[in-house]
Amino acid sequence: MTAGGVAQPATFYYPSIPRSMAMIALSAVFVALGVWIVLSDDAPLVPLIAGVLCIPLGLGAGLVFVGRLIWRRPELVLSNDGLDHRQSGRFTWDEVAHARIFVQRTSALSKVRYVQLGLHDPEAYFARSSRRIRLLAKLNQKLGYGAVNLPESMLGASPEQVLTAMRHYRPTLIILP
């Protein structure tokens with residue numbers, strides 16, 4: 001969409017720094033717990049195996065979030081042409097059928113919110129996606145979720161702000177309740 005014949009500048013959403021820092025701290029706790037279990041003199045076999053697994057998994061997760069803080073690439077870019085998500089890839093506005101905020105309850109005390117995109121032709125998206133993204137998207141659809149889910153935890157903005165910006169670029173975008 002253009003305003004008065006002039007293209008609008010793109011909107012960039014970067015990963016949330018406080019959330020990334022919290023995930024780094026959680027990863028460090030995970031590693032510390034693993035080291036503590038491994039160094040325990042009387043750890044039974046199953047907790048010992050869990051402790052051994054905690055160390056590389058915690059380190060790996062921590063390194064991913066440290067990398068995201070160091071190399072500040074946008075998580076999501078909205079422009080006149082469409083949107084580009086770091087993990088899901090690029091979509092033109094003509095490919096997006098609708099968008100909505102989806103809330104998933106992960107426990108009695110917590111929930112995860114997503115911006116969920118409905119696509120006109122999900123099979124075309126699957127064909128150009130990596131194998132990992134294709135499998136994840138198809139599994140999501142079988143579980144009743146959308147093919148493309150943009151988690152609030154990584155967007156650095158609320159889903160409402162993202163949908164408002166999407167509407168800014170594509171006024172005819174259908175927003176489902």
Side-chain angles (χ1 to χ4, degrees), residues 11-78 83-91 99-119 122 125-163 165-166:
T11 303
F12 297 88
Y13 293 97
Y14 289 89
S16 167
I17 292 174
R19 285 186 179 147
S20 294
M21 295 297 287
M23 292 305 294
I24 291 167
L26 185 63
S27 297
V29 168
F30 209 66
V31 171
L33 180 65
V35 169
W36 178 70
I37 292 171
V38 168
L39 295 179
S40 296
D41 291 335
D42 57 350
L45 182 61
V46 172
L48 185 62
I49 292 171
V52 168
L53 291 175
C54 279
I55 297 168
L57 293 176
L59 279 173
L63 289 174
V64 166
F65 286 102
V66 166
R68 285 182 174 221
L69 285 177
I70 294 171
W71 297 286
R72 297 282 297 156
R73 287 187 27 220
E75 189 70 26
L76 177 66
V77 179
L78 302 176
L83 61 111
D84 191 0
H85 186 253
R86 175 186 251 174
Q87 183 176 351
S88 300
R90 182 156 183 68
F91 303 92
R100 72 177 180 143
I101 296 173
F102 179 75
V103 180
Q104 178 185 18
R105 286 232 148 309
T106 55
S107 72
L109 301 175
S110 66
K111 61 186 176 184
V112 178
R113 296 180 348 140
Y114 300 90
V115 173
Q116 194 174 77
L117 302 178
L119 303 176
Y125 168 63
F126 298 151
R128 71 173 189 258
S129 298
S130 68
R131 184 172 189 269
R132 182 179 69 83
I133 295 296
R134 187 170 42 250
L135 290 173
L136 183 62
K138 287 183 177 184
L139 177 64
N140 279 340
Q141 281 194 316
K142 287 181 182 178
L143 293 173
Y145 306 118
V148 181
N149 299 293
L150 314 176
E152 176 186 27
S153 60
M154 296 310 298
L155 290 177
S158 72
E160 291 83 7
Q161 289 172 316
V162 173
L163 289 180
M166 286 180 172

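Note that the coordinates shown come from a computational prediction; the quantities given were computed from them, not determined experimentally. Values reported hereafter were calculated over all heavy atoms of this structure, with side chains retained and with hydrogens, waters and symmetry mates removed.
- The nearest pair of heavy atoms linking P47 to P44 is CD-O, 3.4 Å.
- Closest non-hydrogen pair, R134 versus S129, comes out as NH1-O, 2.8 Å.
- Distance check, rounded to the nearest 0.5 Å: CG of N149 to CG of L117 gives 8.0 Å.
- We find the CD-CD1 distance between E160 and I101 to be 4.0 Å, quoted to the nearest 0.5 Å.
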Check the pair Q116, N140 against side chain to side chain contact (heavy atoms under 4.5 Å, CB included), reporting the backbone distance first and the verdict last.
-> CA-CA 11 Å; Q116 194 174 77; N140 279 340; over 6 Å; no

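- The two residues Q141 and G146 make their nearest non-hydrogen contact at CG-C, 4.3 Å.
- Judged as a side-chain hydrogen bond (donor to acceptor under 3.5 Å, both in side chains), and not counting sequence neighbours, the contacts of R128 are E95.
- Between R132 atom CZ and Q87 atom CD the span is 5.0 Å, to the nearest 0.5 Å.
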Run the numbers on H85 and V115 for side chain to side chain contact (heavy atoms under 4.5 Å, CB included), then give the verdict.
-> CA-CA 12 Å; H85 186 253; V115 173; over 6 Å; no

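- Residue F126 comes nearest to A137 through the heavy atom pair CE2-CB, 3.4 Å, listed as atom of the first residue, atom of the second, then distance.
- Looking only at atom types and distance, the side chain of Q161 has no donor-acceptor partner in the side chain of Y13 under 3.5 Å away.
- The main-chain N or O of F91 is never found under 3.5 Å from a side-chain atom of Y125 such that the two would form a donor-acceptor pair.
- Interatomic distance, CZ of F30 versus CD1 of I55, reported as 10.5 Å (0.5 Å rounding).
- Without hydrogens or angle criteria, R68 side chain to R73 main chain gives no donor-acceptor distance under 3.5 Å.
- More than 12 heavy atoms of other shown residues, nucleotides or ligands fall within 6.0 angstrom of atom CZ in R105.
- When side chains are defined from C-beta on, R86 counts as touching P15, because their heavy atoms get closer than 4.5 Å.
- With sequence neighbours left out, the side-chain hydrogen bond (donor to acceptor under 3.5 Å, both in side chains) criterion links E152 to R113.
- Across L69 and S20, no two heavy atoms sit closer than the pair CD2-CB, 3.8 Å.
- Contact between L48 and V38 at its shortest, heavy atoms only, is CD1-CA, 3.8 Å.
- S88 contributes atom OG, which lies 9.0 Å from atom CG of L83 (distance to the nearest 0.5 angstrom).
- Here the straight-line distance linking atom NZ of K138 with atom CG of L143 works out to 14.5 Å at 0.5 Å rounding.
- The aromatic rings of Y145 and F102 stand perpendicular to each other, their planes meeting at an angle above 60°, with 30° marking the opposite boundary.
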